[in-house]
Visitor: 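This is the structure, below, for whatever I ask next.
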Amino acid sequence: MTRDTPFSQRRARLLETIGEGIAVIPTAPEVARNRDSDFPYRFDSYFHYLTGFGEPQAVLVLVGGERPRQILFCRDKDEEREIWDGYRLGFEAAREALGMDETFSIDELDAQMPSLIADQPRLLYPAGADRGWDARVFGWLNEVRGMARTGIRAPATLTDVRSLLDDMRLLKDAHELATMRKAADISADAHIRAMRLTAPGRMEYEIEAELLHEFRRRGSQFPAYTSIVAGGANACVLHYRENNAVLRDGDLLLIDAGCELDGYASDITRTFPVNGRFSGPQRDIYDLVLAAQHAAIAAVAPGRSWDEPHQAAVDVLVRGFIDLGLCEGTPEAVIESGDYRRFYMHRTGHWLGLDVHDVGDYREAGQWRPLREGMTLTVEPGCYIRPAAGVPEAFWNIGVRIEDDVVVTPGGCEILTAGVPKSIEAIEALMRSGTD
Ligand code: GLY
Ligand code: MN
Ligand code: MN
């Protein structure tokens with residue numbers, strides 16, 4: 001009897017979509033860092049979406065049709081290994097704990113899979129995601145094909161199960177949104193901590209440490225991606241990761257950082273003055289990016305297209321670039337020529353979920369996808385000005401990005417990361433209050 005959990009509900013929905021066929025979804029492999037040390041283990045997002053199970057060496061098998069079966073292969077209990085590496089649920093306890101119909105030791109996988117696949121019309125698995133799994137799955141298929149003379153048939157159709165799961169993962173359920181809200185709150189507080197503790201003379205990595213401190217203290221397992229802590233000109237390197245420069249009086253600091261909580265990412269960027277006061281040119285650029293972000297957020301609502309927030313941001317930025325002498329011509333001409341891309345070269349957001357750049361197509365049948373209630377995305381316009389001839393010198397090396405996470409609601413959107421100040425007044429007030 002399967003227990004009713006968000007995970008069992010997702011499995012049931014996937015089984016309905018599959019109809020006749022069998023789906024095989026392995027979790028991620030453990031990855032060696034060097035000799036006996038592994039990278040911290042992170043489960044596969046699809047596998048986790050359907051099981052909530054965090055141990056390595058596990059495979060979910062869903063058999064569709066009139067008598068659906070939910071089967072998990074996972075590690076067996078092992079007293080010796082548990083002394084060294086820690087607790088394992090074990091396949092016997094996994095049946096009840098994870099609401100599966102049947103569970104087996106992972107050591108049984110190769111023995112069981114050919115008979116499970118036999119006579120199924122369709123096999124669904126993440127084809128091409130991992131060479132090792134591809135070889136193993138084709139091995140099972142060939143074994144079944146070898147039984148042809150006994151009247152057994154191998155699946156005629158191979159489907160990438162990710163295409164079905166991507167559509168499901170794009171619309172977050174209540175359980176996912178609750179976790180994403182918590183992740184967003186932790187990251188928001190981490191940014192506030194970083195703002196309070198920033199001062200001239202501190203190193204970028206000291207501020208990174210403050211972010212990690214707040215993430216971990218609040219139960220987040222990992223950063224959702226490598227934190228960007230970029231002072232001054234480093235903010236103009238979009239994927240800056242060194243985080244090893246000194247923070248200088250008069251510079252801005254751009255922080256793009258978010259925690260992962262129970263598998264779900266948050267993704268926040270704030271930009272603020274190292275000394276707590278924006279200069280005139282910094283204000284000009286900051287207020288422009290903030291206006292672009294407000295316009296983009298206002299364009300997030302059910303039925304609006306994926307591209308509308310981006311267009312709204314570009315429209316505001318381009319007019320500002322012209323006013324500030326960064327671009328020349330009419331807004332239409334600057335948008336048409338793409339000249340604004342010298343200062344704004346990325347898009348205004350991405351889907352957010354189990355992966356920071358989450359799954360889900362951005363277009364459907366060649367058209368930008370309409371936004372729907374329950375989709376979660378980032379809204380993150382920016383402006384990055386490198387020294388160049390013809391660019392007003394007052395703006396050189398200013399890099400600003402403002403990024404929030406939003407969920408589409410019936411009336412528009414809810415900003416999950418609204419806890420971190422972003423108006424100039426609010427940022428300056430927070431920094432004045434320092435650590436008291
Ligand atoms: N931090 C990755 C991104 O903003 O897309
Ligand atoms: Mn982002
Ligand atoms: Mn980001």
Side-chain angles (χ1 to χ4, degrees), residues 42 45 169-170 172 180-181 183-195 204-205 207-208 210-212 214-215 220-231 234-243 252-261 263-272 286 289-290 292-294 296-297 299-300 306-307 309-310 312-314 317 341 343-360 362 371 375-384 399-408 413-422:
R42 168 56 157 75
S45 296
R169 282 176 54 183
L170 190 52
K172 272 64 182 176
M180 291 186 74
R181 277 197 187 92
D185 283 347
I186 296 171
S187 297
D189 287 346
H191 276 260
I192 290 173
R193 182 181 175 89
M195 272 185 201
E204 290 168 342
Y205 54 71
I207 305 305
E208 180 183 10
E210 301 298 346
L211 297 160
L212 297 177
E214 192 66 20
F215 292 171
S220 143
Q221 293 82 4
F222 311 102
Y225 51 92
T226 306
S227 308
I228 297 171
V229 182
N234 294 335
C236 296
V237 179
L238 295 181
H239 292 163
Y240 178 74
R241 297 191 186 91
E242 282 82 359
N243 298 356
L252 292 176
L253 174 59
L254 180 155
I255 297 181
D256 184 345
C259 73
E260 177 177 305
L261 181 72
Y264 285 84
S266 52
D267 183 5
I268 303 180
T269 307
R270 289 292 185 269
T271 311
F272 54 93
Y286 188 89
V289 175
L290 187 58
Q293 206 223 17
H294 284 312
I297 289 174
V300 176
W306 164 259
D307 201 40
H310 179 62
V314 167
L317 287 172
R341 292 202 186 99
F343 310 112
Y344 183 45
M345 59 297 279
H346 59 78
R347 290 193 55 88
T348 303
H350 49 83
W351 305 130
L352 182 75
L354 283 162
D355 302 335
V356 63
H357 289 182
D358 207 29
V359 297
Y362 291 96
L371 296 173
M375 290 177 169
T376 49
L377 55 141
T378 66
V379 183
E380 49 178 307
C383 172
Y384 315 91
V400 172
R401 179 164 63 256
I402 306 171
E403 175 174 29
D404 282 299
D405 305 342
V406 306
V407 53
V408 182
C413 69
E414 172 192 339
I415 305 175
L416 302 176
T417 47
V420 205
K422 63 184 175 186

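What's counted below: heavy atoms across the whole structure, side chains too, no hydrogens, waters or symmetry copies. Throughout, residue positions are numbered sequentially from 1 according to the sequence presented. When a ligand or atom number is given, it counts from 1 through the structure's own listing order.
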Visitor: Angle between ring planes, W351 versus Y362, binned at 30° and 60°: parallel, tilted or perpendicular?
Guide: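 Correct class here is parallel.
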Visitor: Assess the pair H239 and Y225: is the distance between their ring centroids shorter than 6.0 Å?
Guide: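 No; Y225 has its ring centre 6.0 Å or more from that of H239.
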Visitor: Answer whether the closest heavy-atom distance between the side chains of R181 and L416 falls below 4.5 Å.
Guide: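 Yes, their side chains come closer than 4.5 Å.
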Visitor: Backbone N or O of D404 within a donor-acceptor pair of the T417 side chain at under 3.5 Å?
Guide: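 Checking the backbone N and O of D404 against the side chain of T417, no donor-acceptor pair under 3.5 Å is found.
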Visitor: Distance to 0.1 Å, residue and atom name: give those for the protein heavy atom nearest to atom 5 (O) of ligand 1.
Guide: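 Of the protein heavy atoms, H357 NE2, 2.7 Å lies nearest.
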Visitor: Before you tell me yes or no, could you show the steps for L238 and Y384 under side-chain contact (heavy atoms from CB on, under 4.5 Å), namely the whole-Å CA-CA distance, both residues' side-chain angles and the distance that decides it to 0.1 Å?
Guide: CA-CA 9 Å; L238 295 181; Y384 315 91; 3.5 Å; yes
Visitor: Supply the atom-to-atom distance I297 CD1 to E414 CD, rounded to the nearest 0.5 angstrom.
Guide: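 Answer rounded to 0.5 Å: 12.0 Å.
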Visitor: Any N/O/S atom, backbone or side chain, of D256 lying under 2.8 Å from the Mn ion (ligand 2)?
Guide: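 Checking the Mn ion (ligand 2) against D256, no N, O or S atom falls under 2.8 Å.
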Visitor: Is D256 near ligand 1, meaning one of its heavy atoms is under 4.0 Å from it?
Guide: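 D256 counts as a contact of ligand 1 under the 4.0 Å cut-off.
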Visitor: What's the NE2-the Mn ion (ligand 2)-OE2 angle here (H350, E380), rounded to 10 degrees?
Guide: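 Rounding to the nearest 10 degrees gives 80°.
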Visitor: Using a cut-off of strictly less than 2.8 Å, determine whether H357 has an N/O/S atom near the Mn ion (ligand 2).
Guide: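 It does not: H357 brings no N, O or S atom closer than 2.8 Å to the Mn ion (ligand 2).
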Visitor: Show which atoms of ligand 1 fall inside a sub-4.0 Å distance from at least one heavy-atom site of H350.
Guide: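 Under 4.0 Å from H350, ligand 1 has these atoms: 3 (C), 4 (O), 5 (O).
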Visitor: Looking only at heavy atoms, is any part of D267 under 4.0 Å from ligand 1, and if so is it the side chain, the backbone, or both, or is it neither?
Guide: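 Within the 4.0 Å criterion, D267 contacts ligand 1 through side-chain atoms alone.
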Visitor: Once rounded to 10 degrees, what value does the angle at the Mn ion (ligand 3) take between OE1 (E403) and OD1 (D267)?
Guide: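 The two atoms form an angle at the metal of about 90°.
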Visitor: Heavy-atom contacts with E403 under 4.0 Å: which atoms of ligand 1 show up? List them by number with element.
Guide: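 Going through ligand 1 atom by atom, the ones under 4.0 Å from E403 are 4 (O).
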Visitor: Does D355 form a salt bridge (Lys or Arg N to Asp or Glu O under 4.0 Å) with R169? I'd like the steps, not just the answer.
Guide: CA-CA 10 Å; D355 302 335; R169 282 176 54 183; 3.2 Å; yes
Visitor: If you measure every N or O of R401 against every N or O of ligand 1, does any of those distances drop under 3.5 Å?
Guide: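 It does not: no N or O of R401 is found under 3.5 Å from an N or O of ligand 1.
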